[in-house]
Amino acid sequence: EDAGQRIHSDYALSKLLQTVAQHQTMDHTVEVAYVTAAGNISSDYEKEQALSAILQRPGLTQDVADAMLREATKLSSDYELAKLLKELIAAHPISENMTPVFFQAVSSIGSDHERHGVLRALLEKGAPSQDVLDRTLEAAQGMSSDYELASLLLEVAQKYPVDRALPASYVKAARSLSSDHEQGRVWTALLDRQEIAPGAVAAVLDAASGIQSNFELSSLLRDVLAHHPLDDATRPAFFRAAGSIESDFEMARVLTAALDVKPLARATVLDVIKASSSIESDHELGALLMHVTDVAPLDDEIRAQLRAAAD
C-alpha cells in the first residue's frame, strides 16, 4: 500500500505488484493492501494487469474479490474492464454478495460486444441462479446492437426455467430489437423448448405480434404449430398474432398450417374461418376454405360459417 503511494510510474507500480503476486506469500491483509495499491494506477492497461495477477492466486477471499470489483468499476476502457471481469468469472465464483457490484461493473461497459462477452462467460460458468439470469436480462436492455442483444437472449433462452412465467425483462429486451429477423430468432429459441409452459407460449405470441415482417411472423407462427398444439390457453393469442399479418399469401399459409395440426380442435376450425375474413385474394381464400372442407368435420355451425366466409 505504501509502494502505491510512493511509486508514481504506472508501469513500475504494476510490475512491482505483479512480481509480488507471482512470487511472494500473501496473507489477507497483504491482499487487501495489494488491491488498494493497484487503485493508485491510472493506466487502465497497467491496472488490469496488476489486478489480473492476483486473480491467479488460489484462495482469493470474498472481501478481496469485492474490493477488486470496486476497483474494476473505475476502469474506463471497455476492453480492459471486460477482460478483467471474464478473468474474475473464470477464477472465482460470483457469489450472491458480489452479484450487485459485479453487474454494476457490467452495466458500465459501453461496448455491446464487450458487455455481451462478459455476460456470455457468466452464463457458461455452470448453472446460473435465478437472480443472475434476471440481472443478465436487465443488463441486456442497455445494448443497442440487434445482433449482440439477440445473441445474448438466445443464450439466456437456453438457461431460463421455462416452467414459469416469461420474465418481463426478457420480453422488454426482445421487443427492443428493431430487426424482425433477430426478434423472430429470439422468440423461436424459446418456443423450440418443448417443456415451455402454455402461459409462456401465450406471452411470446402476444409479444411477437409486434413483428412487422409478414414472412418472419408467419414463420414464427408456423413454428409454434410445429411444437405446441393450440389449446384454450394459447389459441386466442395465436389468432391475435395471426391477425396482424397483412399478406394474403402468408395469412393463408398460417391458417392452412393450423388446420393441419392433429388432433384438429373444433374451436381452431372456427377461428380459422373467422380469421379468413381478412384475406382479399379470391384464390387464397378459396383454397383455404376448400382445405377446411377436406380436413375438418362439418357441422351446421361450421357450414354456416363457411358459406358466410365464401360470400
Side-chain angles (χ1 to χ4, degrees), residues 157 162-163 165-166 171 174-175 180-311:
V162 291
D163 58 349
L166 195 62
V171 175
R175 278 180 164 169
D180 287 339
H181 173 69
E182 295 295 355
Q183 195 172 150
R185 285 206 307 145
V186 166
W187 297 129
T188 299
L190 275 177
L191 293 168
D192 284 352
R193 296 184 63 178
Q194 294 289 347
E195 69 273 26
I196 187 170
V201 174
V204 168
L205 288 167
D206 281 332
S209 62
I211 295 176
Q212 299 297 310
S213 164
N214 292 316
F215 172 77
E216 295 294 346
L217 182 53
S218 168
S219 297
L220 176 65
L221 294 178
R222 286 181 282 115
D223 189 73
V224 170
L225 294 170
H227 292 88
H228 306 282
L230 298 181
D231 56 23
D232 292 341
T234 58
R235 190 180 297 106
F238 179 89
F239 283 99
R240 280 196 300 271
S244 64
I245 297 176
E246 297 178 349
S247 161
D248 287 347
F249 174 74
E250 295 297 348
M251 174 64 93
R253 290 179 78 189
V254 169
L255 298 181
T256 299
L259 292 170
D260 289 337
V261 174
K262 300 295 185 286
L264 178 58
R266 182 176 182 275
T268 297
V269 176
L270 291 170
D271 281 339
V272 165
I273 298 173
K274 181 179 178 181
S276 73
S277 63
S278 68
I279 298 177
E280 297 181 355
S281 164
D282 290 342
H283 171 73
E284 297 294 351
L285 178 59
L288 175 65
L289 297 181
M290 285 296 296
H291 194 59
V292 172
T293 63
D294 289 339
V295 300
L298 303 182
D299 57 29
D300 290 342
E301 183 181 5
I302 291 177
R303 287 191 178 92
Q305 294 293 331
L306 281 171
R307 284 194 295 270
D311 292 339

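The residues of the chain are indexed from 1 along the displayed sequence.
Taking both residues in full, the closest heavy atoms of L221 and A241 are given as CD2-CB, 3.9 Å, listed atom of the first, atom of the second, then distance. Taking both residues in full, the closest heavy atoms of W187 and L220 are given as CB-CD1, 3.9 Å, listed atom of the first, atom of the second, then distance. Taking each heavy atom of V186 and A174 in turn, the nearest pair found is CG1-CB, 4.0 Å. The minimum heavy-atom distance linking D248 with S281 is given by the pair OD2-N, 2.9 Å. Here the shortest heavy-atom pairing between A309 and L285 reads O-CD2, 3.8 Å.
The CD atom of Q305 lies 9.0 Å from the OG atom of S276; values are rounded to the nearest 0.5 Å. Atoms CG and CG, on L259 and L264 in that order, are 6.0 Å from each other to the nearest 0.5 Å. Here CG of L217 is found 9.0 Å from CE of M251. Values are rounded to the nearest 0.5 Å. Here the CD atom belonging to E250 is positioned 6.5 Å from the OG atom belonging to S219, to the nearest 0.5 angstrom.
Judged by distance alone, the side chain of D180 and the main-chain N or O of S213 form a donor-acceptor pair under 3.5 Å. The backbone N or O of R185 lies less than 3.5 Å from no partner atom in the side chain of T188, so there is not a single donor-acceptor pair.
Put simply, the side chain of F239 reaches to within 4.5 Å of the side chain of L255, judged on heavy atoms. Between F215 and R253, some side-chain heavy-atom pair lies under the 4.5 Å cut-off.
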Under 3.5 Å, sequence neighbours excluded: what are the donor-acceptor pairs made by side chains of residues 287-300?
| from | atom 1 | to | atom 2 | distance (Å) |
| --- | --- | --- | --- | --- |
| H291 | NE2 | D260 | OD1 | 2.7 |
| T293 | OG1 | M290 | O | 2.5 |
| D299 | OD1 | E301 | N | 3.2 |
| D299 | OD1 | I302 | N | 2.8 |
| D299 | OD2 | R266 | NE | 2.7 |
| D299 | OD2 | R266 | NH2 | 3.2 |

Extract all donor-acceptor atom pairs below 3.5 Å that involve side chains of residues 202-211 and protein atoms in other chains or at least two apart in sequence.
| from | atom 1 | to | atom 2 | distance (Å) |
| --- | --- | --- | --- | --- |
| D206 | OD1 | R240 | NE | 3.2 |
| D206 | OD1 | R240 | NH2 | 2.9 |
| D206 | OD2 | R240 | NH2 | 3.3 |
| S209 | OG | D206 | O | 2.6 |

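A donor-acceptor pair shorter than 3.5 Å cannot be found between the side chains of D271 and T268.
Sorted by first and then second residue, the salt bridge (charged side-chain N to carboxylate O under 4.0 Å, His left out) pairs with a member in residues 211-224 form an empty list; sequence neighbours excluded.
When N214, V224, I245 are each tested for a side chain to side chain contact (heavy atoms under 4.5 Å, CB included) with V254, only one passes: I245.
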